Amino acid sequence: MQSTKNNEFSSLFLQIKRLKPRKCYLASHSAGIIIITTEVYTMWPQSNFTYSFDMEDVNNILPFDQNRRFNPAFNMAAIKQVINEAVERVRMPTPTRLRDLIRQIRASRTAAEERSVINKECAYIRSTFREEDSVWRCRNIAKLLYIHMLGYPAHFGQLECLKLIASPRFTDKRIGYLGAMLLLDERQDVHLLITNCLKNDLNSSTQFVVGLALCTLGAIASPEMSRDLASEVERLMKSPNAYIRKKAALCAFRIILKVPELMEIFLPATRSLLTEKNHGVLVTGVTLITEMCENSIDTLQHFKKIVPNLVRILKNLILAGYSPEHDVSGVSDPFLQVKILRLLRILGKNDAEASEAMNDILAQVATNTETTKNVGNTILYETVLSIMDIKSESGLRVLAVNILGRFLLNNDKNIRYIALNTLLKTVYIDTSAVQRHRTTILECLKDPDVSIRRRALELSFALVNSNNIRTMMKELLIFLEKADPEFKAYCSSCIVLAAERYSPNNRWHLDTLLKVLVAAGNYVRDDVISCTIQLLSESTDQQGYMARELWLALEKDTGDRQPLAQVATWAIGEYGESLLNSSENVMQISEPDVIAVYQRLLTSLQNSMITKQYALTSLMKLSTRFHSHVEKIRDVIESFNTSLHMELQQRGVEYSQLFGKYSHLRSALLEKMPPMEVTRTANNEDGITNVEVEDQTPSPTNEIGQDSEIQDSNAFLLLLEGNTDNEIISPSLPNNKPSSVDNQDLLDLLGGLDVGTPIIQSSAPTTVVDDFISNNNILNNNMLLSSSTDNIITPETTTVKAYDKNGLQIDFTVSKSRESANTTTITMTANNNTPVPLSEFLFQAAVPKAFQLQMLPPSSTVIPVGGSVTQVMKVVLTNNSAPLRMRIRLSYNQGGTSILDQTEVNNFPSDSWQ
């Protein structure tokens, strides 16, 4: 019998020898002794190999009975089957190893070559999957996962991952679970098949298999799978094995993110995690509690009792000596310290008792933490955030701000950035503490990093108040001159807003605006132009001074400063006579010099069409301010009668008419504009918050001089009519005090000058003014806006404050319609006095049944900072017995927050409905 078995083994060796392998191994197997080649050896790494030999030494080993390691107790049939399978495997080509595939892909010179290599390998992997090749499945899935990481489709390997997960071998499970986490998610139906495998592996006796199952469950668990396996995870959180407890706590954290209602299952086990001595379990426990507190108020109240435990753990970490296991750059377990500080911040927010228990430990952390290492800075940063969020003592807040001030001096730009970012949030909590670091913050404006400069700029504007406005504006103007183009628009607008809010006087305010126009150039926003013109119109005592200063700036090349040229031409057009007659002029300015500069502006290709429109209208106004060179001005204006630009040509043609047939109207139409109405802001005592103040009460002089103004208006209308026989009917004065006349009324007044107007009754069928307006259309909007309204009769208007809340002020300008005595026109003006723009603005109104309301579209749905939006409403009276009341409803978006409010306006003047 023994000799028969030896002969069969000899034939098997000869069969293997024909394959010419380099080396063979003699292995023990459940069936007995197996002889395999090197290639087959790699497929059974768990086998218990007892002997290896070279093929040329095979005769030295046989017969087996002479080998003391040979066990003759085996099943010959089983061995033959295994050997035959091994031979077939050897004859089949060996699949490419993962490292070889990576080399091939990296060696590809083009994307097409890379796709070719990957497609070829994917085709081979598909074929092995179809053949149910279980020997190389692990290697093929590993290669497929790498292909998936490169962005190529690998979904066809999902079921093979499940087969590896079901394998009893740990190496197969590891690749299988990794593939499941990468290729599957809760949107895939295949992941439902893993539930049973996960449940089995969660009960495994091997901690690493349990860890794999917990990691996979946390990564791909659906709500249904979480509910099915939550009890298993809760059980593992109480396991005596610290490794399993840590993994289970992290898995519970992910389950709560998916299914928050499962939080109650983990509460008892979670609190016990804080008694652990293992830092890994402590970190996961604190992380789990933090997530629970953020998701549930009831849970937050439940865990407020653990504040003393957290304080004790943190104190032990600070006072603990050197521990090699947890030491990171001389700091004991900074990861755990950061987690505890973050949890303390959540537990102490809006809780005075919990905050009191934390004050001492936060002060110890802030003073005892090493700042020379980045690890210490991380802990200090979390400490600062905790101090600022809880109800801490004032001295502790000052300490936190000082820590951020030290961060600003750090060489690491990341630390400087987070310091600026945190100070920007802190400045509104403790402004005085942040003001101490104003010099350091201004130095950050010179930082080469663009993100640091941006944060420093925002923080600098937040620090501006009435006490430091001069110093801050000086530094910010220096920054504006040297700033990158991306900063100029934002910086210039913020400087204008700060100067408007905290300016000590009008002279300083105007000088600052002029410096902004010079420094920012073409990057100035439109709101800066309008703000400058408005302030200049209001400051009557500074108009001559500003005209001279703007002239000096306009003489230079303004091709890169279009907004400056627009403001300068407007000011010189309005106040040109003060430019020539002022005694303060150091150098003499003559009319030809001014006209020459205007010719340069109008002919320069660098100037925009808007600037040329400003210049052309300004030059037209100078024709009434200058006396000796009017014909030269006329020649310049008439040269635009053939301009290729339609707007310039229209202005040239219409303005030319005022030098000929209608020259007697020119001086009256081109008078100075009256001071523009503005909404002023006043500061409170601390200089931080702004309170809006609007002067709606006219001076007694205006009330006394009402009759004289009406007489002047009548005289002006007689001048326009050219006929002194016409009767002029002056409107009756109401009992209430009238507000200033809106400039827009001038358009309505002059646009309606015909025979049938209720203001002027004329027996003549037509007038000069009628023919002048209808045939030549000279009084266009741009010219009318620059004309005077002092000497023209307008309907009486009354301003009613309808709403003033949260920085949004709404005023109604009420006037009776000229077309119908039963119609009242109400112009709604919404002013934005907040530091952020208001978007999605919607104004709705309703009146009683005795009235009919018609609302025209608003001018815009976005109210910029310091800007306004208007909307016209017409109210028609149908019943004389009811007074006019209006209920308004407002909705808008402020800084990402939607605001909805409503109120009722019942203080309309009586003549508006009578």
Side-chain angles (χ1 to χ4, degrees), residues 198-199 201-215 217-218 221 226-320 323 325-326 332-333 335-348 351 353-354 357-358 361:
L198 286 173
K199 190 167 186 178
D201 288 340
L202 289 176
N203 295 311
S204 174
S205 59
T206 305
Q207 63 174 359
F208 300 110
V209 174
V210 177
L212 284 177
L214 289 170
C215 289
L217 177 61
S226 300
R227 293 185 181 94
D228 293 338
L229 299 177
S231 59
E232 296 291 334
V233 177
E234 192 269 341
R235 177 182 58 81
L236 292 174
M237 289 176 64
K238 303 175 183 178
S239 171
N241 191 318
Y243 175 82
I244 294 178
R245 290 200 302 274
K246 178 180 69 174
K247 294 287 186 180
L250 290 176
C251 184
F253 169 78
R254 301 300 294 271
I255 288 176
I256 290 174
L257 289 178
K258 294 287 182 66
V259 190
E261 57 265 24
L262 295 176
M263 189 184 305
E264 295 182 2
I265 300 177
F266 302 107
L267 280 178
T270 302
R271 187 164 184 176
S272 63
L273 294 177
L274 294 180
T275 61
E276 290 285 343
K277 295 183 179 180
N278 186 287
H279 285 208
V281 180
L282 274 176
V283 169
T284 55
V286 173
T287 303
L288 182 57
I289 294 174
T290 302
E291 180 61 27
M292 289 180 174
C293 293
E294 288 179 343
N295 287 338
S296 173
I297 298 178
D298 295 335
T299 308
L300 176 62
Q301 297 299 326
H302 173 76
F303 280 113
K304 284 185 181 291
K305 304 174 185 177
I306 67 170
V307 170
N309 297 343
L310 295 173
V311 170
R312 185 179 62 254
I313 295 172
L314 187 57
K315 187 174 183 179
N316 292 336
L317 288 173
I318 298 173
L319 302 179
S323 176
E325 184 180 0
H326 307 122
S332 179
D333 203 343
F335 303 100
L336 181 57
Q337 291 192 44
V338 167
K339 291 288 185 181
I340 293 176
L341 288 169
R342 190 170 300 171
L343 180 55
L344 288 175
R345 180 164 75 247
I346 296 173
L347 296 175
D351 190 326
E353 183 179 354
M358 303 175 192
I361 189 62

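Heads up: numbering here begins at 1 and tracks the sequence. Since this is a predicted model, take the numbers as computed values, not measurements.
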Are any of the side-chain heavy atoms of [X] and [Y] separated by less than 4.5 Å?
| X | Y | value |
| --- | --- | --- |
| Leu282 | Ile340 | no |
| Leu212 | Asp201 | no |
| Ile318 | Ile361 | yes |
| Leu347 | Leu310 | yes |
| Phe303 | Leu267 | yes |
| Asn309 | Arg312 | yes |
| Leu214 | Leu250 | no |
| Ile289 | Leu274 | yes |

Spacing of [X] atom [atom1] and [Y] atom [atom2] [to the nearest 0.5 Å]:
| X | Y | atom1 | atom2 | result |
| --- | --- | --- | --- | --- |
| Thr287 | Leu273 | OG1 | CG | 10.5 Å |
| Met263 | Ile265 | CE | CD1 | 11.0 Å |
| Ser332 | Leu319 | OG | CG | 10.0 Å |
| Arg254 | Cys215 | CZ | SG | 10.0 Å |
| Thr299 | Phe266 | OG1 | CZ | 13.0 Å |
| Glu291 | Asn295 | CD | CG | 4.5 Å |

The side-chain contact (heavy atoms from CB on, under 4.5 Å) partners of Leu288 (sequence neighbours excluded) come to Met237, Ala252, Phe253, Ile256, Thr270, Met292
Applying side chain to side chain donor-acceptor pair (under 3.5 Å) to Gln337 and not counting sequence neighbours gives none
Residues passing the side chain to side chain donor-acceptor pair (under 3.5 Å) test with Arg235, sequence neighbours excluded, are Asn203, Glu232
Residue pairs passing the ring-ring contact (aromatic ring centres under 6.0 Å, His included) test with at least one member in residues 279-300, sequence neighbours excluded, are His279-His326
Answer yes or no: is there a donor N or O on one side and an acceptor on the other, between the side chain of Lys258 and the main chain of Ser226, under 3.5 Å? no
Original post:
With no hydrogens and no angle check, is any side-chain donor or acceptor of Ser204 less than 3.5 Å from a backbone partner on Thr206?
Top reply: yes
Sequence neighbours excluded, the answer for salt bridge (Lys or Arg N to Asp or Glu O under 4.0 Å) partners of Lys199 is none
For Glu261, the salt bridge (Lys or Arg N to Asp or Glu O under 4.0 Å) test, sequence neighbours excluded, returns Arg227
Between Ile346 and Cys293, the two heavy atoms sitting closest are CG2-CB, 4.1 Å
- Please report the C-alpha distance between Lys339 and Thr290 in whole Å, then the side-chain angles of each, then the deciding distance to 0.1 Å, and finally whether the side-chain contact (heavy atoms from CB on, under 4.5 Å) criterion is met. CA-CA 8 Å; Lys339 291 288 185 181; Thr290 302; over 6 Å; no
Item to complete: Any chance you could lay out the side-chain contact (heavy atoms from CB on, under 4.5 Å) test for Lys304 and Asp351, step after step, and finish with the verdict?
Response: CA-CA 9 Å; Lys304 284 185 181 291; Asp351 190 326; 3.2 Å; yes
Query raised in the report: If you draw a 6.0 Å radius around CZ in Phe335, do more than 12 non-hydrogen atoms from other residues or ligands fall strictly inside?
Result: no
Exactly one of Leu344, Leu341, Leu314 clears side-chain contact (heavy atoms from CB on, under 4.5 Å) with Met358, and that residue is Leu344
